[in-house]
Every structure is written in structure tokens, then in C-alpha cells.
Amino acid sequence: MLRSRLRGLLEEAAAQLQEDGSWPNGTLPDFTVEIPDDLAHGHLAANWPLVLAKTLRRAPRQVADELLGRIAPDPWFSHLEVAGAGFLNAFLAPGASSAAVLAVEAGQDDYGKVAPGSGERILVEFVSANPTGPLNVVSARAAAYGDALARLLQAAGHEVWREFYVNDAGAQVEALGKTVSYWLKKGSPEEIAFPEDGYKGDYVEEIAQAFLAERGAKALVGLDPTAEIRALAEFAVEMIGRWRERDLLAYGVRFDRYFSEQKDLRASGRVEEALAELERQGVLYSQDGARFMRTSAFGDDKDRVVVKKDKAPTYFAADVAYHWDKYRRGFSRLIDVLGPDHHGYLGRMRAAVAATGKPAESFEVVLVQWIRLLRDGELVAMSKRAGDFVPLGDFLQEVGVDSARFTFLLRSPDSPLDFDLALAVRESQDNPVYYVQYAHARIASLLRQVADQGAGDLMLLSEPEELLLARRLLSFPEELAHAAEGRAPHHIAHYAMTLAQEFHAFYNRHRVLGVEPALSQARRRLAAAVGSVLKESLGLLGVSAPDRM
RNA sequence: GCGCCUAUAGCUCAGUGGAUAGAGCACUGGCCUCCGGAGCCAGGAGCGCAGGUUCGAGUCCUGCUAGGCGCGCCA
């Protein structure tokens, strides 16, 4: 909206120059319009003359002058100037302030968003933590990221579905069942040794107690050991699932579906169907008694086993089936948000997608790096199996939802993050999120006090601080699109910080109340517009925008 | 050994190939008779190392160093 305005002006000027023969015809190279840090470089800066210099074979500044001579007057810009090596710097005029306020008002709470239905159908899978223990703080980052990404994509006009893959089949769940069994029998004549691959957290004992309370010891009578462990595992997974949903809900994350590997894939025959599909595609072959998939033909390092010697499908086979099923449900794009420990998996998964005949670029993976948990500078080990982790619920209790989400979303997903728990708790009051929320509350308070007495005159918004706010507001749609495109919610967090900062600066320097009515009303509308965009930004991050704090 | 991510201010991190590299926290000094001082203004200090591409590199390429993670007929 903002950048494209300047871009349009420049392109028109260039078209004229081409038309009258001053410039050669043909496609001109692309250029950037950026928001400089230093206002001396204008509100906006374009580098086209620098880029064009080679094509046109003349000095950048001369190109700039030629462009400048053809640029039509525009109400958004007071003037443009040539600067530096050949930048075109543009300075905003009150027309831009006016346009900014009107645009935000017209958009209601959807300013900058793209109407739904214009985009793709996207399935975002995230968290997908093993169902063998309560969610811990490591999942918090992935949950914040995946949810914010989903919100962003929705804002960008896509239809988005959030899914959590529950990996509830296989050895680890069995180990969980064995551990529950251990606790049930502890202290009784049938007491058994703690399972070698058992889970050490206290929560398993809690599950055993709950089993006794809800089902009673009789529930296991007559079951053979395998059936007993299966029953206990099922109970445990269910209970952990309830904890999981409770924690995620408290965190503001709601999944459209928890997709069970056991029920939705294996029991329903999806794995066999997917394998049959792969057979049809002719990408399977037998070797050493196992069934292999020719993933190496699609860019993987080597071929992978899908059916083991013992005829059981591998975890990989289930995952192939899962993704195949996602496409079959009508999604045109899949985004997997995974931990860095899964990256060894990407090659074969991409190959699998390609092998089922789907366009490779429709399957995206975002690796969210670990957070390294520290407590007073000491590294905290985090292994579910060792029972040494910080549960999500406790973490949120200590740090707070808004504070936690904002902290995670301020960072790019591929940046490893050191998170000192002691520090986070101590400093949660200093969290940048409050800076943004404070700006919003301040505006809400202001609006409670300044009566709406007409439209005022938006063209009076000509102070430097007002023009900066106009620039920031006008850039929001582009910022949003850019963040969605780059799968980068952290751009929105930084945008919100900057907008809040620019509002605080404006507010400290200028008064809304007690100035002439036409100006007062214009400033009221400007403040309201800022408040509205702050709220939208925070909303995209899943952070609340309180009117009072 | 191979692969992925990372290295920017004292700390935690931003930075679509552009100008004098930014923010928050921490530290120092100023700022309300008045719309919320959880705020504003000012100050110091930084791109791991070496090459290359480019008019221009924190950004792209190569090598090196350091840290994290991964390389099963486990899940």
C-alpha cells in the first residue's frame, strides 16, 4: 500500500520516459522500496536509479534526475529528492496521514487483511509432541509459532487448518504402559522392576492412581500381560491428551483436529491404502525380506524401508500415509512445524510427497529451533524419559501467557533461543509485550476521555511524529503480507513494537485534548487507528490487547 | 565422516544486496501544574576468521573456527 504507491509513481515516470524514447523499451530491472532507519533518508527510499544505471548505461544520479522530472505530483508525498549514490528519497505529506486514518477506519478490525477464500487451503501441523508425557516448555515455542503462523496465513486470505499428530502407536507408548503397570504393582506381591525404557516423571504415578480411582484394580483381572499393558497405555495416553488440551487451551491454542496415528491411520487402514498407492506409482520393491520405497529417486540419500521384515509398517510408512491423507483431504499446501531433531527426516519426506505425485513445493517444513532452558545460568536438562522437564502449565503460571508468547514470537524460528527461567520470571514485568500493551491501554484510556465531536480535519496531521505514524500504519498491509509470505510472525511482533514506540513518542510530544477542535478530532482518529492496528497485530500473535492494565 | 541451523552491543535478539547496522533489558544523565511515568529524550559499546561475487555484502558464494541438532527394518 505504502511502498506500492511510490513504486507506482516511479513506474509511471519510467513508462513515460520509455514512451518518448528517452529510455529503451523492454522490461526494466526490479528494485526495492524500503523504510530507512534514518529520517534524513526520507520516509521511503527507492534504489531504482542504482539498479537502472547499468541497464541504461548512465550515472545513477542522472537516472534519478530523469525519473524525478517525470514524477507526477501525489497527495501522499510532499517531495522526492535524489540523495547519496543515487537513491530516490520520498517524504510524506498530510495526504498520507489522512489516507492512513481513513484506510484503517475503512478496514474496521480487518485492515490489511486479505479476504478469506482468495488463497490456498493450507494444513499447518505443529507441536505434535509425543503423547507420553505432559507438554513441556519446549513445545511452548512451537505452539506459539504454529498458532501465530496459522493466524497470519488466515489474515493473508488462506483457509487454514491446525492439526496435531498424536504419535500414539509403537514402542514408546508401550513403554509408557509398562511404567504405569510398575506403579500399580509397586508395594504389592507382584511388584516388578522399573522398566528399562520407562518414564521417570511423577506424572506416571499420578496416572496409575487415577486408573485405580476411575477403573479399579479389577479392570485388569483376567488380562494377559500384553493386553494389560495396552489397556494401561491407552488410559495413560487419553489422560495425557486431556492435560495436553487443557494446557494448550490455556495457552490460547486450539487445534482443529488431533490426528491419532493409532486410530486415524493404522486402525482405519490408511497405511495400507497409502502403500497401495505407492505400489501403483511403482516406487516400492522388495529386498532382504523387507519392502523398500525408492526415495532416492526423488532426492533422498538412500531408499527407505516402509514394511519391515516382520511385515509391520515402519513409522515412516505411517508418516507417508499421514501426509498422503492430508492431500487427499483437499489441502493444496502442507506446512509441518518441526523440531530440529526431525531435519534428518526431511529428505525422505519430501521424496515421499514427490513419489505420490504431489508438487514438491507444496510441502513446506519449518524447523523451529530448540530453546535452551537455563535456570540462573545453569543448563536444565530436558528429557521426558528422565522425567526432567518443566511442564507447560507451570511455566505459563510463572511467566504468563502473553509474556511467554511474545517472547517466543519476537524471535525468528530458526534462531536457537536461550531462555533463563529464573530471569524470565524475574523479568516478566519488563517483557516488551507490556510496552505494546501499554500503548494500547493508553489509547483506550485516551478514547474514553476525548469525546467524538466530529471528523476533524485529517489534513492537519502534519507534525513529524504524525507522519511517522501514518507511514507505519500505511505499511501494515505490506508488512502482514511479507510476514505471511516468509512464514515469519516475528516480523509482526517487531512491527507492533515499532508502532507502539512511535505512538509513545507522538503522545509525549503532542496533545490530543486541549488543542483546536479540528486538530483534536483528527488526532483522536489517528490514535484510534493506531490502537486498532496494535490490537490487530497482537491478535495475530495470540496476545491480548487490554484496554486497562 | 556427511547433512541442517546458528555466530551481530554487557545480556536476549531484529535486520526483503544499499546510505552513519537497530530494538528490548542492563547502566548513566535529563523530562509531568496538563490526555496513563509500565512512558519520553539523550549517552557508550557490536556484524566469529579469511577469501570471492557486486557500483555496493551483516545479508549471496567458498573455506575455516565455535556451538546446537540429526544421520536405524526406533518412534
Side-chain angles (χ1 to χ4, degrees), chain A residues 3 31-34 36-38 40-41 45 47 50-51 53-54 59-60 83-87 89 130 132 167 169-175 197 261 287-292 301-302 304-310 312-319 339-347 367-370 372 407 410-420 423-424 427 429-435 437-439 441-450 478 482 485-486 488 490-491 493-494 497-498 500-501 503-515 520 523-524 527 548-549:
Chain A
R3 287 175 170 84
F31 63 103
T32 61
V33 176
E34 63 168 15
D37 297 322
D38 187 349
H41 298 146
N47 69 347
L50 288 164
V51 176
K54 188 180 276 180
F87 291 96
N89 296 341
N130 285 332
T132 51
N167 194 199
Q172 53 184 7
V173 170
E174 194 182 322
D197 50 359
E261 177 186 356
Q287 188 183 311
D288 305 330
R291 203 77 180 134
F292 280 72
D301 301 335
K302 55 180 181 182
R304 307 289 173 173
V305 172
V306 288
V307 182
K308 294 183 274 186
K309 221 180 264 179
D310 64 6
T314 59
Y315 170 84
F316 174 57
D319 225 15
D341 53 334
H342 280 82
H343 95 264
Y345 214 63
L346 300 190
L367 293 180
V368 177
Q369 294 296 317
W370 293 141
R372 286 204 313 159
T407 298
L410 215 39
R411 273 77 183 189
S412 138
D414 45 30
S415 162
L417 168 61
D418 280 347
F419 199 96
D420 193 309
L423 217 60
E427 288 182 353
Q429 289 311 304
D430 299 319
N431 194 294
V433 72
Y434 298 116
Y435 182 82
Q437 290 182 323
Y438 180 67
R442 220 178 190 186
I443 290 167
S445 167
L446 177 68
L447 295 177
R448 287 192 291 269
Q449 295 170 67
V450 186
E478 286 155 347
H482 182 237
E485 190 76 24
H490 71 280
H491 287 319
H494 282 273
M497 290 278 289
T498 308
Q501 192 271 317
F503 177 77
H504 284 311
F506 156 78
Y507 190 77
N508 212 258
R509 181 109 169 64
H510 302 289
R511 296 192 54 78
V512 178
L513 272 173
V515 296
S520 176
R523 284 182 174 162
R524 175 185 56 78
R548 291 187 167 85
M549 51 192 291

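Lettering of chains follows the sequences in order, A, B, ..., and the numbering in each one begins at 1.
Rounded to a whole angstrom, the distance from the C1' atom of B:rC25 to that of B:rA45 is 15 Å. Rounded to whole Å, the P atom of B:rG58 lies 10 Å from the corresponding atom of B:rG18. Atom name P, nucleotides B:rC60 and B:rU28: the rounded distance is 38 Å, in whole Å. For the P atoms, the distance linking B:rC5 with B:rC41 amounts to 38 Å, nearest Å. Annotation: B:rC61 and B:rU6 have their P atoms spaced 11 Å apart (nearest Å).
Atoms CG (A:D38) and C1' (B:rG15) sit 16 Å apart, rounded to a whole Å. Put simply, CG on A:D37 is 12 Å from C1' on B:rG18, counting in whole angstrom units. Taking atom CG of residue A:N431 and atom P of nucleotide B:rG39, one finds them 12 Å apart after rounding to whole Å. Rounded to a whole Å, the NE2 atom of A:H510 is 11 Å from the P atom of B:rC41. In this entry the distance linking CG of A:L50 with P of B:rA57 reads 13 Å, nearest Å. Across the protein-nucleic acid pair, A:I443 atom CD1 and B:rG36 atom P stand 12 Å apart, rounded to whole Å.
At most 12 heavy atoms of other shown residues, nucleotides or ligands fall within 6.0 angstrom of atom CZ in A:R548.
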- Apply the test side-chain contact (heavy atoms from CB on, under 4.5 Å) to residues A:Y507 and A:I443: give CA-CA distance (whole Å), side-chain angles for both, the deciding distance (0.1 Å), then the verdict. CA-CA 9 Å; A:Y507 190 77; A:I443 290 167; over 6 Å; no
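A:Y434 has no side-chain polar atom (N or O) that falls below the 4.0 Å cut-off from OP1 or OP2 of B:rG36. Distances shorter than 4.0 Å separate none of the side-chain N or O atoms of A:Y507 from OP1 or OP2 on B:rG39. Proximity of A:H504 to the phosphate of B:rA38: no side-chain N or O atom is located under 4.0 Å from OP1 or OP2. When the side-chain nitrogen and oxygen atoms of A:Q369 are compared with OP1 and OP2 of B:rG67, none of them lie within a distance under 4.0 Å.
Within 4.0 Å of A:N89, counting heavy atoms only, lies at least one base atom of the nucleic acid. A:H41 comes within 4.0 angstrom of a base, heavy atoms only. Contact annotation for A:A441: base contact, defined as any heavy-atom pair under 4.0 Å involving a base atom. No engagement by A:V433 is indicated, since no non-hydrogen atom pair under 4.0 Å with the nucleic acid exists. Contact annotation for A:T407: no contact, since no heavy-atom pair falls under 4.0 Å across all strands. Within the nucleic acid shown, A:S445 comes within 4.0 Å of at least one base atom, counting heavy atoms only. Nucleic acid contact class of A:L417 (heavy atoms, under 4.0 Å, all strands): sugar-phosphate only. Counting any heavy atom pair closer than 4.0 Å across all strands shown, A:E485 reaches no nucleic acid atom. Contact annotation for A:V512: base contact, defined as any heavy-atom pair under 4.0 Å involving a base atom.
For A:Q501, counting side-chain heavy atoms from C-beta on, the closest listed nucleotide (B:rC41, B:rU16, B:rA14) is B:rC41. Distance from the side chain of A:M549 is smallest to B:rA38 among B:rA38, B:rA14, B:rU54.
Side chains of A:K308 and A:T314 form a contact here, defined as non-hydrogen atoms less than 4.5 Å apart. Side-chain atoms of A:M549 and A:Y434, non-hydrogen and from C-beta on, do get closer than 4.5 Å to each other.
Counting only Watson-Crick or G-U wobble pairs whose defining distances are both under 3.5 Å, the stems of 3 or more consecutive pairs in RNA chain B are B:1-7 with B:65-71, B:10-13 with B:22-25, B:27-31 with B:39-43, B:48-52 with B:60-64.
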Collect all protein-nucleotide pairs involving nucleotides 31-33 of chain B in which both atoms are nitrogen or oxygen and the distance is under 3.5 Å.
none

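Applying the 90° criterion around 0 to the glycosidic angle, B:rC49 comes out anti.
By the stacking rule of 5.5 Å between ring centres and under 30° between planes, A:F87 does not stack on the base of B:rG18.
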- Where along nucleotides 69-75 of chain B does protein come under 4.0 Å, by heavy atom, of base (B) or sugar-phosphate alone (S), with - for untouched nucleotides? BS-SBSB
